[in-house]
Amino acid sequence: MAAGQKLLSFLFFQLILVLLVLDHSNAQYLKLGYYHKTCPNAESIIWKATYRVISRAPTLAAPLLRMHFHDCFVRGCDGSVLLNSTKTNQAEKEAIPNQSLRGYHVIDAVKSAVEEACPGVVSCADIVALVARDSVSMIHGPFWEVPLGRRDGIVSILNEVFLDLPAPFANITQLKQIFAAKGLSVKDLAVLSGGHTIGTSHCNGFTNRLYNFTGKGDTDPSLDPNYIVKLKQKCKPGDATTLVEMDPGSFKTFDEDYFTLVTKRRGLFQSDAALLNDAETKAYVILQASTHGSSFAKDFAESMVKMGKVGVLTGKQGEIRKHCALVN
């Protein structure tokens with residue numbers, strides 16, 4: 001029995017290695033300036049179309065960053081999060097974690113602008129990656145070069161979201177496993193969690209920490225009791241509509257304040273608090289909190305480039321969608 005379990009564990013580990021190698025082999029075909037010949041103004045068109053939105057509605061930067069994250073963690077960065085459901089299939093969009101995603105209209109507007117200039121050339125997956133980068137940079141966050149050449153996937157399955165997307169109530173062991181399965185390091189986990197410096201969450205993403213943490217009507221002991229009092233004033237039991245800032249006071253600005261909040265036990269989600277339960281992630285959180293984010297911008301840019309290469313389709317794989325919500 002024990003030998004059989006060891007064999008299964010070994011085979012599973014080998015499968016993960018094979019998948020990571022495949023991911024990497026595809027990622028090597030991404031490159032800077034990919035559209036230089038086929039659509040030379042693509043990145044400029046995308047930047048301008050994104051700016052038209054973010055300059056008027058800066059709070060959309062967080063959802064657009066989140067969309068890229070949600071896309072890459074399920075089936076890789078292939079634009080599958082954008083696809084609509086069909087009569088025979090419920091797509092990723094319908095999964096509870098994705099029901100609060102916003103900004104699809106921004107992606108559609110950007111795609112239309114690009115299609116007008118270069119029909120059938122630029123993928124929706126690349127657009128999601130570039131819009132996320134541009135949105136963050138427009139609210140005082142870092143700028144990073146995005147290797148391009150992703151193709152669009154043709155499959156989107158609701159149930160895969162629950163298997164692959166890190167949940168707000170995940171513990172540190174679960175988070176590390178999910179990131180490792182995508183070829184991302186423990187440092188990447190700490191760095192990318194810093195994306196919670198912008199944006200908001202519905203109360204039901206964390207109210208279990210306020211009212212019924214272990215099923216006994218108790219609160220989460222890892223959450224600052226004074227903060228619990230404030231959160232209870234905003235969120236009543238069962239509230240699924242009220243929005244709460246993830247980084248109170250600067251939720252519209254990309255900065256390092258998130259890490260200070262986590263050290264004060266004021267991270268909104270259990271997954272935020274979990275960063276203090278691992279030596280490496282805790283050290284990173286404390287370093288950024290104590291040095292005013294000395295390396296956060298640089299680290300975030302590097303981790304975003306890395307995440308943007310997860311599970312990509314390249315070459316003749318997938319397709320270039322004409323409309324991002326629909327398979328051709």
Side-chain angles (χ1 to χ4, degrees), residues 20-54 61 64-73 75-82 106-107 109-153 182-185 187-188 191-192 194-195 254 295-321 324:
L20 290 179
V21 168
L22 288 174
D23 279 358
H24 180 71
S25 64
N26 276 350
Q28 71 180 344
Y29 295 111
L30 299 181
K31 63 180 183 180
L32 299 177
Y34 180 83
Y35 297 109
H36 178 65
K37 292 183 179 179
T38 55
C39 190
N41 296 322
E43 292 191 52
S44 174
I45 292 168
I46 291 169
W47 190 93
K48 288 175 183 175
T50 304
Y51 181 76
R52 280 196 291 271
V53 174
I54 300 301
L64 291 166
L65 171 62
R66 186 174 170 229
M67 186 179 290
H68 186 30
F69 187 94
H70 282 221
D71 184 35
C72 291
F73 268 76
R75 289 194 161 263
C77 312
D78 68 343
S80 57
V81 74
L82 305 172
V106 179
I107 302 300
V110 172
K111 176 66 169 174
S112 294
V114 176
E115 284 294 302
E116 192 174 329
C118 315
V121 174
V122 181
S123 69
C124 297
D126 274 346
I127 287 172
V128 169
L130 286 167
V131 168
R133 186 274 310 274
D134 292 343
S135 298
V136 168
S137 70
M138 288 170 192
I139 56 167
H140 311 295
F143 180 92
W144 58 93
E145 297 289 350
V146 179
L148 301 170
R150 297 166 189 78
R151 303 270 292 179
D152 295 322
K182 303 300 176 187
L184 298 171
S185 68
K187 180 181 178 181
D188 293 322
V191 172
L192 293 173
F254 199 95
S295 66
F296 177 48
K298 174 177 172 291
D299 293 339
F300 191 80
E302 290 175 357
S303 290
M304 285 299 294
V305 171
K306 199 171 167 186
M307 186 193 78
K309 295 178 179 179
V310 170
V312 294
L313 302 176
T314 58
K316 294 184 178 180
Q317 298 171 320
E319 63 182 18
I320 303 296
R321 286 183 218 141
C324 291

Just wondering, do [Y] and [X] contact through their side chains at under 4.5 Å, heavy atoms?
X: Met67; Y: Ile107; answer: yes
X: Val114; Y: Ile46; answer: yes
X: Leu30; Y: Arg150; answer: yes
X: Leu192; Y: Met304; answer: yes
X: Glu43; Y: Arg133; answer: yes
X: Ser44; Y: Lys48; answer: yes
X: Ser137; Y: Phe254; answer: no
X: Leu130; Y: Leu148; answer: yes

Between Ser185 and Asp188: side-chain donor-acceptor atoms closer than 3.5 Å: yes

Compare every heavy atom of [Y] with every heavy atom of [X], then report the nearest pair and how far apart it is.
X: Thr314; Y: Gly149; value: CG2-O, 3.9 Å
X: Phe296; Y: Val191; value: CE1-O, 3.5 Å
X: Ala301; Y: Trp144; value: CB-CB, 3.7 Å

Greater than 12 external heavy atoms within 6.0 Å of Phe143's CZ: yes

With no hydrogens and no angle check, is any side-chain donor or acceptor of [X] less than 3.5 Å from a backbone partner on [Y]?
X: Arg151; Y: Ser123; answer: no
X: Lys111; Y: Val122; answer: yes
X: Lys182; Y: Phe73; answer: yes

Residues that Arg75 engages under side chain to side chain contact (heavy atoms under 4.5 Å, CB included), provided they are two or more places apart: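 Residues passing side chain to side chain contact (heavy atoms under 4.5 Å, CB included) with Arg75: Asp78, Ser80, Glu92, Val155, Ile157, Glu160.
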
Working for side chain to side chain donor-acceptor pair (under 3.5 Å), residues Tyr34 and Asp126: CA-CA 10 Å; Tyr34 180 83; Asp126 274 346; over 6 Å; no

N-O pairing of Lys298 and Glu302 below 4.0 Å: yes

Trace of the side-chain contact (heavy atoms from CB on, under 4.5 Å) decision for Thr50 with Val110: CA-CA 7 Å; Thr50 304; Val110 172; 4.0 Å; yes

